[in-house]
Amino acid sequence: MGRSFRFVILGGGVSAGYAALEFVRLGIPAGDLCIITDEAVAPYERPALSKGFLLPEGAVRLPAFHTCVGVGAERLTARWYKEHGIELLLNTQVVSVDLKRQTLLTSAKETIAYLMLIVATGARVLRLEEFGVTGADARNIFYLRNLHDATKLVEAMQSCSGGKAVVIGGGYIGMECAAALVSNGVHVTMVFPESHCIARLFTPQIATFYEDYYTRKGVVFVKGTVMSTFESDKDGKVAAVVLKDGTRLPADLVVVGVGIRPNTTLLEGQLIMEKGGIKVNGKMRTSNSTVYAVGDVAAFPLKMYGDVRRLEHVDHARKSAAHAVESIMHPERAKDYDYLPYFYSRVFSLSWQFFGDNSGECLLFGDLKSEKFGAYWVDRGRLVGAFLEGGSKSEYAALAVVARKRPMVEDVQLLAGQGIKFALAL
Ligand code: FAD
Ligand code: NAD
Ligand code: ISD
């Protein structure tokens with residue numbers, strides 16, 4: 001039998017870092033907490049990997065972006081964990097979990113026992129092979145989920161200046177990596193099946209603004225189609241992307257962002273699952289009372305909208321982690337998680353934030369030409385979601401307030417006319 005801890009966090013990403021900080025804030029004794037991660041470094045702010053990390057100049061590198069600098073809190077380096085008596089097991093994969101025995105087995109063949117487990121395993125990238133694409137084992141095809149991926153992408157980008165990249169996928173990774181590639185002097189073609197980018201959130205009108213901006217930066221969009229094959233050269237390096245209709249796009253490198261799958265495999269058959277993730281209650285507790293789940297992997301009750309969701313964004317990872325720790329440490333005072341969805345992105349000199357829900361009718365406001373515009377979503381007479389490009393700190397704060405309040409809207413045209421002033425006046 002190996003070691004035993006009061007609390008174990010399975011996974012060492014964003015949620016793990018914010019959970020560790022909360023445990024320390026709430027005063028756990030040294031020796032109580034163990035974090036097990038298959039990554040080589042202490043938890044870091046994953047969003048930096050597709051933004052500051054990929055910049056051609058002044059790029060951020062660890063230790064600068066360890067959690068929890070993303071919210072302006074302490075920077076938790078490996079030393080911080082040591083100083084607080086937290087066992088941080090790096091380069092260690094958990095290969096099985098036995099919820100009945102309350103033990104985990106690691107790739108180092110150590111059995112670790114826990115009283116309380118927090119599952120913070122995040123997600124893995126979907127690979128093109130899973131869509132039936134052939135030739136995907138060629139060199140210079142990159143995915144982006146962790147520091148290792150980002151490091152390889154930076155090396156390839158730097159040796160490819162003036163060359164051609166094809167970006168597969170028009171979601172967050174696709175759009176942020178395309179911007180980084182352009183900034184690094186690489187010519188970019190984007191290929192995705194939808195009729196517009198960031199289809200999970202953007203309306204066609206919002207997407208047109210970003211696509212036009214990218215087009216002016218030289219990006220070529222190939223929409224409404226998917227790829228079928230990669231061609232490689234005699235050295236096994238990717239040479240071209242071949243689309244379903246036979247179009248051949250020459251490529252020196254390819255970046256793929258076609259979505260993720262939550263890392264639930266170790267818990268399947270042991271915990272109740274929902275929406276592709278681990279079902280939790282308002283305390284982030286799973287169907288087993290000694291197990292909590294947080295971040296990308298958790299399907300949680302979204303109190304504001306009365307439904308269950310799984311969110312793949314950093315703000316929820318941070319807050320759900322802190323909430324689980326609060327629930328574990330102070331069950332008597334813990335309330336149900338009452339989350340306001342918050343997403344954002346930054347590309348080139350653009351920056352947007354969104355709060356709430358993108359359901360119902362979308363009303364655009366502001367001036368797209370001046371790069372300062374926004375949108376409200378109105379569902380069954382209520383303002384439920386708010387988006388703003390190029391806002392100030394106080395304007396974004398006002399968006400959060402309006403999305404939380406969900407005021408009734410009598411005249412949608414008046415609301416669109418008022419624009420950001422409506423949120424600021426609340
Ligand atoms: P993760 O941060 O992915 O952490 C999971 C950890 O568990 C990883 O370290 C993983 O290696 C480890 N792990 C998994 N299985 C095991 C195992 N069996 N044994 C040991 N360790 C294991 N969201 C935003 O809102 N805004 C952004 O700008 C943004 N940018 C992003 C940029 C990139 C490149 C990526 C990949 C994501 C971005 N996100 C962004 C999403 C955000 O980072 C995630 O929602 C967040 O990281 C989820 O936190 P998590 O702790 O659930 O998972
Ligand atoms: P995503 O869900 O944002 O986008 C997936 C995209 O894959 C879709 O938009 C679609 O265009 C594309 N796609 C699906 N099937 C395809 C196919 N067969 N061929 C080509 N394209 C196909 O996922 P992502 O962009 O891969 O991002 C991965 C994760 O990282 C997500 O959880 C995302 O939320 C997170 N992330 C978030 C941010 C942010 O919030 N700013 C930034 C980066 C990453
Ligand atoms: O939320 C974030 C984000 O977008 C980043 O780039 O956290 C990181 C840090 O701010 C990086 O230092």
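The figures that follow rest on heavy atoms only: side chains count, while hydrogens, waters and symmetry mates do not. The first residue in the sequence is number 1, and the count goes up from there. Counting convention: from 1, in listed order, for ligands and their atoms alike.
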Worksheet item: Of all the atoms in ligand 2, which lie at a distance below 4.0 Å from a heavy atom belonging to F192?
Response: 11 (O)
Discussion item. Tell me the nearest of P47, G171, P193, G259 to atom 23 (O) of ligand 2, using heavy-atom distances.
Written reply: G259
Worksheet item: Using a heavy-atom cut-off of under 4.0 Å, does the side chain or the backbone of E312 touch ligand 1, or both, or neither?
Response: backbone
Worksheet item: Counting from 1, what ligand 2 atoms have a heavy atom of E176 closer than 4.0 Å?
Response: 39 (C), 41 (N), 42 (C), 43 (C)
Worksheet item: Between the side chains of R46 and Y44, does any donor sit under 3.5 Å from an acceptor?
Response: yes
Worksheet item: If hydrogens are left out, which of V258, I260, L311 has an atom nearest to atom 14 (C) of ligand 2, that is, the closest non-hydrogen atom?
Response: V258
Worksheet entry | Y339-D315 side chain donor-acceptor pair, cut-off 3.5 Å | yes
Discussion item. Less than 6.0 angstrom separating the ring centers of Y337 and H316, yes or no?
Written reply: yes
Item to complete: Indicate yes or no: does an N/O atom of Q93 lie under 3.5 Å from an N/O atom of ligand 1?
Response: no
Worksheet item: For atom 2 (O) of ligand 1, which candidate among R346, R46, R124 provides the closest heavy atom?
Response: R46
Discussion item. Within the 4.0 Å heavy-atom shell around H313, which atoms of ligand 2 are there?
Written reply: 34 (O), 40 (O)
Worksheet item: By number and element, which atoms of ligand 2 are closer than 4.0 Å to a non-hydrogen atom of F131?
Response: 15 (N), 18 (N)
Worksheet item: Does ligand 1 have an atom that lies less than 4.0 angstrom from a heavy atom of S345?
Response: no
Practice prompt. Counting heavy atoms only, name the option from V94, L311, I173 that's nearest to atom 34 (C) of ligand 1.
Written response: I173
Response to the item:
In ligand 2, the atoms that come under 4.0 Å of a heavy atom of Y344 are 39 (C), 40 (O), 41 (N)
Discussion item. For the aromatic rings, using the six-membered ring if either is Trp, is the centroid distance between Y172 and H313 under 6.0 Å?
Written reply: yes
Item to complete: Indicate yes or no: does an N/O atom of L49 lie under 3.5 Å from an N/O atom of ligand 1?
Response: no
Fill in: Sub-4.0 Å atoms of ligand 1 with respect to non-hydrogen atoms of A317
48 (C), 49 (O)
Worksheet entry | Short side-chain to backbone donor-acceptor contact, Q102 and L115, under 3.5 Å | yes
Worksheet item: Would you call the rings of F202 and F387 parallel, tilted or perpendicular if under 30° counts as parallel and over 60° as perpendicular?
Response: perpendicular
Worksheet entry | Proximity to ligand 1 by part of K51, non-hydrogen separation under 4.0 Å | side chain
Discussion item. Below 30° counts as parallel, above 60° as perpendicular, anything between as tilted: where do the rings of Y213 and F209 land?
Written reply: tilted
Worksheet entry | Check ion pair E155-K152 (N to O, under 4.0 angstrom) | no
Item to complete: Establish, from distance only, whether the side-chain atoms of N288 and T286 form a donor-acceptor pair under 3.5 Å.
Response: no
Practice prompt. Please determine if D296 has a nitrogen or oxygen closer than 3.5 Å to a nitrogen or oxygen of ligand 2.
Written response: no
Worksheet entry | E130/R261 salt bridge by N-O under 4.0 Å criterion | no
Worksheet item: Does any N/O atom on L10 come nearer than 3.5 Å to any N/O atom on ligand 1?
Response: no
Discussion item. For ligand 1, which is the ligand I care about here, please tell me if Y342 has any N or O atom under 3.5 Å from one of the ligand's N or O atoms.
Written reply: no
Discussion item. Distance under 4.0 Å to a non-hydrogen atom of L266: what atoms of ligand 1 satisfy this?
Written reply: 18 (N)
Worksheet item: When only distance counts, is I173 in polar contact with ligand 2, meaning an N/O pair under 3.5 Å?
Response: yes
Fill in: Polar proximity ligand 2 side, Y172 side, N/O cut 3.5 Å exclusive
yes
Discussion item. Tell me whether R145 is salt-bridged to D296, with the criterion being a basic N under 4.0 Å from an acidic carboxylate O.
Written reply: yes
Discussion item. Taking 4.0 angstrom as the limit and counting only heavy atoms of I168, give me the atoms of ligand 2 inside it, by number and element.
Written reply: 20 (C)
Worksheet item: So which protein heavy atom does atom 33 (C) of ligand 2 come closest to, and at what separation?
Response: R200 NH2, 3.5 Å
Worksheet entry | D296, any N or O under 3.5 Å of ligand 1 N or O | yes
Discussion item. Would A199 count as a polar contact of ligand 2, with the cut-off being nitrogen or oxygen pairs under 3.5 Å?
Written reply: no
Worksheet item: Which ligand 2 atoms does G257 reach within 4.0 Å, using its non-hydrogen atoms?
Response: 5 (C), 6 (C), 7 (O), 25 (O), 26 (O)
Worksheet item: Between F355 and Y342, does the ring centroid distance fall short of 6.0 Å?
Response: yes
Worksheet item: Tell me: protein heavy atom nearest atom 12 (C) of ligand 2, and distance?
Response: G169 CA, 3.7 Å
Discussion item. Just by distance, no angles: are the side chains of E110 and T106 close enough, under 3.5 Å, to form a donor-acceptor pair?
Written reply: no
Discussion item. Can you classify the ring geometry of F221 versus Y214 as parallel (below 30°), tilted (30 to 60°) or perpendicular (above 60°)?
Written reply: tilted
Discussion item. Under a 4.0 angstrom heavy-atom cut-off, which atoms of ligand 1 come close to G295?
Written reply: 52 (O)
